[in-house]
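Any value given below was found using the heavy atoms of this structure, including those in side chains, with hydrogens, waters and symmetry copies removed. Order of the sequence lines fixes the chain letters, A, B, ..., with proteins taken first and strands second; residue numbering starts at 1 for each chain.
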Amino acid sequence: MAEQHYDHQHTEAKWQRAWAEQETFCVTEDPARPKYYCLEMFPYPSGRIHMGHVRNYAIGDVVARYKRMRGFNVLHPMGWDAFGLPAENAAIERGVHPQIWTQENIAYMRAQLKRMGLSYDWSREIATCEPDYYKWNQWLFLEFYKKKLAYKKHSAVNWCPSCETVLANEQVEEGRCWRCDSGVIQKELEQWFFRITQYAEELLKGCDQLTGWPARVLTMQRNWIGKSVGVEVDFPLAEPAPGLPAIRIFTTRQDTIFGATFMSLAPESPLVERLIAGRPEAVAVREFVARVSRQEKAVRTAADREKEGIFTGAYAINPFTQAKIPIWVANFVLYEYGTGAIMAVPAHDQRDFEFATRYGIPVRLVIQKPDGTLAEPLPAAYEDEAGALVNSAQFSGLGVAEAKAKLADYVEAKGFGTRTVNYRLRDWGVSRQRYWGTPIPIIYCQACGTVPVPAADLPVTLPRDVPLTGKGSSPLARAAQFVQVKCPKCGGAGRRETDTMDTFVDSSWYFLRYCSPREGARPLDPAKAGHWMAVDQYIGGIEHAVLHLLYARFFTRAVRDLGLIKVDEPFLSLLTQGMVCKETYRCEEHGWLFQDDLAGSEQDGWRCKQCGRPAEKGRVEKMSKSKKNVVDPERLIATYGADTARLFSLFAAPPEKDLEWSDAGVEGASRFLGRVWRLVHDMTPIIAGFATEAPAASVAASSRASSVTIALRRLTHRTIRKVTEDIEREFQFNTAIAALMEFVNGLYKFTAETREAGKAGEAAALREAVDALVLLLSPFAPHIAEELWAATGHATSLARERWPLYDAALIQEDVLTIPVQVNGKVRSKLSVPAAWSKEQVVAASQSDVKVREWIQGKTVKNIVYVDKRLVNIVVGDA
RNA sequence: GCGAGAGUGGCGGAACUGGCAGACGCGCGAGACUUAGGAUCUCGUGGGAAACCGUGGGGGUUCGAGUCCCUCCUCUCGCACCA
């Protein structure tokens, strides 16, 4: 028999080879066709792909293949986010050079991705650790430096006192060093920054344009940028210090300024020292400041951290009440935000309230609730903005919103201060004291100072042999050959910057590089980037909702302002796929257990293979090595094939929701493909005589409109519509695949009947159905689809075929089933011609035997008719 | 605490604008073909003996509510001293 068993290994390898040899998915700019840029977040080459990758890239590949079939010229590239810490750890732990380790991983993972049958243009592959790529990181850095978008300043870094090293944020786990578990402290270092805050307002406003992004990602971006509109106000000192007549604060609640009964400074503020100099309080205050800044990050940032502070001995004057108010230092005031000093209004700010209560500072009510029920002493701060001002001189009686405006006017008119906007977004610190990253292209010269490496000297390549110990600061600092350099300006002795760039820099513009990946003179070819950008559909994990996406949006604007591209936003539409999860198992003796470490069964209970104790079934959690609930895609693909792996991960849940792993679900996906395989091969002899071209025409020509033909064609065209709409509507692949399953179930019924009849018209309609099935299946399971396409007599690759279109006329039913309700409960179902009018359907429903039982002896009060859908007869007692 | 999202059969999940709840898959049951089948094909499968009851609980709007409104509960994910 022709069908035999479906051999996925052979078939998948065969088509992967064919696609590669024919360069099926290589693209160039084509003015004749609309472009479509489909992009999935590129992976870190950690060694092997995981199920999250499978899902991410399966989703992206369906989009790319579907859009291609819809006539778009699709750019679908892939590459490697290849710089990063794990490579350095491998070097420290196993003595493998990061470059070797990375290259080997890339080679392995590339082969894995190829085995998934993903329709990438591999000729555009990039790896960020290659000098050809990171050269342009450096080039962009220098352009930013020219525009003062890159600058250097002192800043606090995470420091592990035991390892004596700087830690990246992601190496700090709950305030502790990931390696030795010591408490991480903050240490001041000179670091490079990108001035992302210059674009804060634009990045915020841009969110409104991103209609193709999930609302929650936009919310997270907006919150991260954190715009606050308020005023800065000077509070004069009661006894001005030399050169320090006043302390400037920032507030968004200027309406409460009459309630400011003290001030608080951040412990880090340099003003503290100037205020306490020569006072008896100085010693105690210094001690307090030292204690707070010595505190570990985890302790300092804990949510329930107790508010504490110390009085400086100095007083300020509230410019509105003229009251003399004490100046404190408080642990909860942030030096980095606003002016590092606040006016404290205990009646209307919970933090100030707690502080005031603890230290016996007066609480002054200045906003009264609309119902007037607030009375002193307050049990807690009233922070709500509903209400009116009281105890606020000429401003008393104003509503909060109005008072904010009037007080801001007043502050400006009197010269007390100015309206100000603050963002919680901070400039992006890009210096990393690591080896495996892009060297920052800067030289320090005794005579000339900070000197950028001339563009002609790029790239500054990473020296190959550098001892990596994980101790101390930048590894590059120990590479004398690298550090010692002539100053490009004066030729004198210079010293290279030894920090490397944050790897987020690499991923902030890689999507631009894909447009012209081998461009040698610039980071990108403006004509090509102009053609392809922006990315039409970006797909990746929600974990990048803030940082990566925000940095990429910033880079896009910065590169735009260098004149290289024209777009403002990099990603028009964003799909954040859910996590891949699986149940966990735990043994009280041996901890988390792999599936393979379990004995027993679901019914009889699971046991630990090692000790025989019962294994407790835990909750469904994100697949992770630590929980031992991972599934290796390689095994999955080897056993079931890439098509099954893809189909399962697309069918089990909608893309943006979490997906729960299920062995049975994989079986189901595999079984479905087997069903398709057998069905199509069963039909091949029947449909062989019918042209592969224009099946619809041959159906029409030979059809004598038998009921079988009509029903078959209706099923075919309904399926085309359903699958198309589900893909177009938010990529609902799970329901699209369900529709294909229904199609196949339906076709199985037709084959039995049709083989009996064997009429020409029906065979032609079957040809149409089978062709449609294979085409509709192809984005999801491309290998088996190609094989079936060829088996049914087609000479060309499916990948270049057009997506089928449905004929609306064929979808129409001629007989409808209308449920008839009595008082909202279904009592009967009517089969009526689709052409019937309301009156005809209503009349038929009232004469229906089953309906009559329910309306007999009752008064018909109302009849609701929903066109072509339902009748509801409302009756009451006679 | 604040913000967002979600609670539907034994399980994963369907149900676009209010209109037959449970598509599709898994699991389970029955049958067919078989030396055999954990393969394949067909049929059935929310609960209940039934009237009826069923989309986290309670209330409301409506001829009609999984869907809209109010309220409460639970879970998940973000942000958590940003003045």
- [ ] Considering only atom P, compute the distance from B:G9 to B:C72 and round it to an integer number of Å.
- [x] 24 Å

Task: Polar side-chain contact A:Arg671-B:C26 base: donor and acceptor under 3.5 Å - done: no

Task: Quiz item: cation-pi between A:Arg718 and A:Tyr806, 6.0 Å / 45° - done: no

Open item on the list: Base, sugar-phosphate or nothing for A:Arg222? Non-hydrogen atoms, less than 4.0 Å.
Closed with: nothing

TODO: Can you see which heavy atom on A:Pro319 is nearest to which on A:Asp234, and at what distance?
DONE: CG-O, 3.8 Å

Open item on the list: Using the side-chain heavy atoms of A:Arg675, tell me which of these nucleotides is nearest: B:A83, B:C41, B:C79.
Closed with: B:C41

Task: Nucleic acid contacts - residues 732-745 of chain A versus RNA chain B, non-hydrogen atoms under 4.0 Å - done: A:Asn734, A:Thr735, A:Ala738, A:Met741, A:Glu742, A:Asn745

Task: A:Phe355 and A:Tyr359 aromatic ring geometry - parallel, tilted or perpendicular at 30°/60° bounds - done: tilted

TODO: Please state whether the phosphate of B:C41, meaning OP1 or OP2, lies under 4.0 angstrom from any side-chain nitrogen or oxygen of A:Arg678.
DONE: yes

Open item on the list: Rounded at 0.5 Å granularity, tell me how far CD1 in A:Ile542 sits from CG in A:Leu575.
Closed with: 10.0 Å

TODO: Looking at every strand, decide which applies to A:Ser662 at a 4.0 Å heavy-atom threshold: base, sugar-phosphate, or nothing.
DONE: nothing

Task: A:Lys722/A:Asp726 salt bridge by N-O under 4.0 Å criterion - done: yes

Task: B:C82 phosphate, OP1 or OP2, under 4.0 Å from A:Tyr423 side-chain N/O - done: no

Task: Sugar-phosphate only, base, or nothing, as touched by A:Lys861 at under 4.0 Å among non-hydrogen atoms - done: nothing

Dump every N/O contact between nucleotides 61-65 of chain B and the protein below 3.5 Å, one line per pair.
from	atom 1	to	atom 2	distance (Å)
B:C63	O2'	A:Asn872	ND2	3.3
B:C63	O2	A:Asn872	ND2	2.5

Task: B:G66 versus B:U8 - spacing of their C1' atoms, nearest Å - done: 7 Å

Open item on the list: Protein within reach of the bases, or only the backbone? For nucleotides 1-6 of chain B, mark each nucleotide 5' to 3' as B, S or -, using heavy atoms under 4.0 Å.
Closed with: ---S--

Open item on the list: A:Tyr382: which residues meet the side-chain hydrogen bond (donor to acceptor under 3.5 Å, both in side chains) condition with it, sequence neighbours left out?
Closed with: none

Open item on the list: Can you see whether A:Asn422 engages A:Ser228 through a side-chain donor-acceptor pair at a distance of less than 3.5 angstrom?
Closed with: no

TODO: Just compare B:A15, B:G19, B:C53 and give me whichever is closest to any side-chain atom of A:Lys825.
DONE: B:C53

Task: RNA chain B contacts made by residues 644-654 of chain A, counting heavy atoms under 4.0 Å - done: A:Phe651, A:Ala652, A:Pro654

Open item on the list: Only Watson-Crick and G-U wobble pairs with both distances less than 3.5 Å should count. Give RNA chain B in dot-bracket notation, marking inter-strand partners with |.
Closed with: (((((((..(((......[....)))((((((.......))))))((....))..(((((..]....))))))))))))....

